[in-house]
Amino acid sequence: AALPQIASALDMREEDTAFYLAAIRMGGIGTVLILPFADLVGRRRVFLLSMVGMSLGTFATALSQTALQFALAQMCTRVFLLTASALGLVILVEELPARQRGAGLSMLAVLGGMGFGLASGLYAAVDVLPTGWRALYAIGVLPLFLVPFLRRSLSETARFERHRTQRGSAEIALRSWVRPVGQLARTHPRRVLAIGLAGLLAAMGGIAFFQYTSFFVQTVHGWRPGHVTLLVLGGGMIGVSGNFLGGRGSDRWGRRRVGFFCLMLVPPFVALFFQGPAFLLAVAWGLCVLCNTAGDLVIRALSAELFDTSHRSTAVGWLIFVQTLGWTTGLLLVGAGTRFFSDLGDAISWVALASIGAALCLVLVPETRQRELESISPSS
């Protein structure tokens with residue numbers, strides 16, 4: 001949301017913003033190096049470490065003085081932010097029974113949406129906050145103070161404890177990192193490829209829509225930061241339904257069916273937002289968020305449900321890796337596309353077509369709704 005203010009303060013040229021954003025998204029690759037250790041030492045330890053890392057990294061972003069410093073701080077933050085997000089998903093999937101998994105994932109997504117809403121509300125005051133956009137990042141240190149509480153209240157998942165008991169006291173060393181990676185590649189290669197391709201294309205198709213919403217309405221339609229907040233909160237009333245559709249809805253109608261139809265609808269809604277009439281901006285934004293959110297939630301749920309406990313975190317890490325490539329590629333394509341298309345909206349609309357390919361990939365994996373993990377993957 002604060003891209004216009006950040007670009008102005010740090011002397012980023014408009015044509016270079018896509019490349020800075022793409023570099024920040026590459027921080028997701030670091031997540032892939034951390035998550036396999038959650039399959040070795042446990043979800044809890046790595047989750048708590050990630051909470052510390054993302055809090056300190058966000059605070060460091062507030063102190064950045066150049067565009068390069070900003071990008072590097074955000075890259076490091078993203079490593080831990082995505083690790084915490086991935087392990088939150090894994091913990092819920094492993095702890096909840098089949099009939100409640102969709103509802104649990106919906107609740108997780110709704111709470112995440114509340115965080116976006118809070119950030120949007122703060123952004124409305126960006127011009128009056130003492131340090132402007134920096135205050136939006138400085139407040140990100142607050143989760144650090146929750147770590148002592150989480151150390152006392154968050155226990156390891158029962159499924160991982162059983163797996164650790166069966167595995168025995170295997171030595172944990174750097175070379176152990178490859179063990180869950182190898183198990184992931186050997187056990188279900190078709191599932192790995194299908195989920196990976198779905199995540200790659202969905203990320204490619206949706207990233208520019210989210211990254212350039214604020215920039216587009218402020219530069220093209222002359223909106224103020226407060227108007228952006230109203231768009232997020234108003235359109236978000238529609239978009240929040242995607243959390244329930246991707247969670248509870250996919251419990252009722254099936255993960256693959258819900259994911260397929262929602263991802264197929266992303267490109268037309270993106271085009272409506274960037275190329276349609278101004279009075280439809282809020283509706284188009286909300287519908288696009290709804291479909292993106294539901295599709296992403298389905299893909300993330302499948303990435304955890306389809307694989308064994310011994311390499312479940314690694315499987316989610318694989319998804320984040322390919323999503324990182326998709327986010328980066330999508331932004332780079334938009335940046336390159338602005339040199340060939342008449343405006344930014346045209347380039348974003350064309351890149352959004354990748355979401356159709358993501359929808360088609362979902363038909364290649366088994367349905368997981370209302371099934372316990374042990375019946376989906378016998379070693380779970």
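All residue numbers refer to positions in the sequence shown, counting from 1.
Annotation: side chain of L150 is in contact with side chain of F47 (closest heavy-atom distance under 4.5 Å). Side chains of V289 and F269 form no contact here, defined as non-hydrogen atoms less than 4.5 Å apart. In this structure the side chain of Q275 reaches within 4.5 angstrom of the side chain of S349, judged on heavy atoms. With contacts defined as side-chain heavy-atom distances shorter than 4.5 Å, the pair L200/L197 qualifies. Here the side chains of P366 and L306 are in contact, with some heavy-atom distance below 4.5 Å. Between V217 and V220, the closest side-chain pair of non-hydrogen atoms is not below 4.5 Å. No side-chain heavy atom of V316 sits under 4.5 Å from any side-chain heavy atom of F307. Between V141 and L144 the shortest side-chain heavy-atom distance falls below 4.5 Å.
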Test R43 against S313 for side chain to side chain donor-acceptor pair (under 3.5 Å), laying out the working first. CA-CA 8 Å; R43 287 65 165 117; S313 296; 3.3 Å; yes
Apply the test ring-ring contact (aromatic ring centres under 6.0 Å, His included) to residues Y212 and F273: give CA-CA distance (whole Å), side-chain angles for both, the deciding distance (0.1 Å), then the verdict. CA-CA 11 Å; Y212 278 99; F273 179 80; over 10 Å; no
Run the side chain to side chain contact (heavy atoms under 4.5 Å, CB included) check on T187 and L184 step by step: do they pass? CA-CA 6 Å; T187 307; L184 175 66; over 6 Å; no
Show your working on side chain to side chain contact (heavy atoms under 4.5 Å, CB included) between W327 and M204 and close with a plain yes or no. CA-CA 5 Å; W327 290 324; M204 186 187 306; over 6 Å; no
Going through the checks in order, is the side chain to side chain contact (heavy atoms under 4.5 Å, CB included) test met by L142 and S55? CA-CA 7 Å; L142 292 179; S55 300; over 6 Å; no
Trace of the ring-ring contact (aromatic ring centres under 6.0 Å, His included) decision for F216 with F274: CA-CA 8 Å; F216 174 75; F274 285 102; 4.8 Å; yes
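Counting all heavy atoms, side chain and backbone alike, L136 lies closest to L122 at CD2-CB, 3.6 Å. The heavy-atom pair separating C288 from V266 by the smallest distance is SG-O, 4.2 Å. Nearest heavy atoms, Q211 versus L3: O-CD2, 4.2 Å. The heavy-atom pair separating R159 from E94 by the smallest distance is NH1-O, 2.5 Å. The minimum heavy-atom distance linking G140 with P143 is given by the pair O-CD, 3.1 Å. Nearest heavy-atom pair across R101 and L96 is CG-O, 3.7 Å.
Residues L281 and F279 fall into different hydrophobic clusters, defined by Ile, Leu, Val, Met, Phe, Trp and Tyr side chains chained together at heavy-atom separations under 4.5 Å.
A cation-pi contact, defined as under 6.0 Å to the ring centre and within 45° of the axis, is absent between R248 and W253.
Formation of a donor-acceptor pair under 3.5 Å by the T58 side chain with backbone atoms of Y137 is not found in this model. No side-chain donor-acceptor contact under 3.5 Å links R255 to the backbone of L302. Panel note: side chain H221, backbone Q218; no donor-acceptor pair is recorded below 3.5 Å. No side-chain donor-acceptor contact under 3.5 Å links T293 to the backbone of L290. R164 places a side-chain N or O within donor-acceptor distance of the main-chain N or O of V41, the cut-off being under 3.5 Å. Side-chain atoms of S250 come within 3.5 Å of backbone N or O of G246 as a donor-acceptor pair. A distance-only check finds a donor-acceptor pair linking the side chain of Q65 to the backbone of L63 [under 3.5 Å].
Q323 and D296 are linked by a side-chain donor-acceptor pair at a separation below 3.5 angstrom, with hydrogens and angles left out of the test. For the residue pair D39/T314, the side-chain donor-acceptor check at 3.5 Å is satisfied. E95 and T157 form no side-chain donor-acceptor contact under 3.5 Å, judged by distance and modelled atom types alone. With 3.5 Å as the limit, one finds a donor-acceptor pair spanning the side chains of T309 and R312. Side chains of Q69 and S64: no donor on one and acceptor on the other come within 3.5 Å. There is a side-chain donor-acceptor pair under 3.5 Å between T213 and W285.
Between the OG1 atom of T61 and the CZ atom of R134 there is a distance of 10.5 Å, given to the nearest 0.5 Å. To the nearest 0.5 Å, atom CZ of residue R25 and atom CG of residue L331 are 7.0 Å apart. Put simply, CG on L87 and CG on L35 are 5.0 Å apart, with the number rounded to the nearest 0.5 Å. The CG atom of L21 sits 9.0 Å away from atom CD1 of I6, with the distance rounded to the nearest 0.5 Å. With rounding to the nearest 0.5 Å, the separation of OG in S8 from CH2 in W133 is 11.0 Å.
Within 6.0 Å of CH2 in W223 there are more than 12 heavy atoms belonging to other residues, nucleotides or ligands. At most 12 heavy atoms of other shown residues, nucleotides or ligands fall within 6.0 angstrom of atom CZ in R252. Other residues, nucleotides and ligands contribute at most 12 non-hydrogen atoms within 6.0 Å of the CD1 atom of I139. Counting non-hydrogen atoms of other residues, nucleotides and ligands closer than 6.0 Å to CZ of R44 gives a total above 12. The environment of M75 atom CE is dense: over 12 non-hydrogen atoms of other residues, nucleotides or ligands sit within 6.0 angstrom. Counting non-hydrogen atoms of other residues, nucleotides and ligands closer than 6.0 Å to CZ of F210 gives a total above 12.
Among the candidates L201, V298, I299, the single residue satisfying the side chain to side chain contact (heavy atoms under 4.5 Å, CB included) test with L263 is I299. The one candidate from I348, V351, L353 that meets the side chain to side chain contact (heavy atoms under 4.5 Å, CB included) condition with V270 is I348. For the side chain to side chain contact (heavy atoms under 4.5 Å, CB included) test with V79, the passing option among V32, I320, I34, I29 is I34; the others fail. The only option from L81, L49, T83 that meets the side chain to side chain contact (heavy atoms under 4.5 Å, CB included) definition with M54 turns out to be L81.
Classification of R99 and D251 as a salt-bridged pair fails, no side-chain N sitting under 4.0 Å from a carboxylate O.
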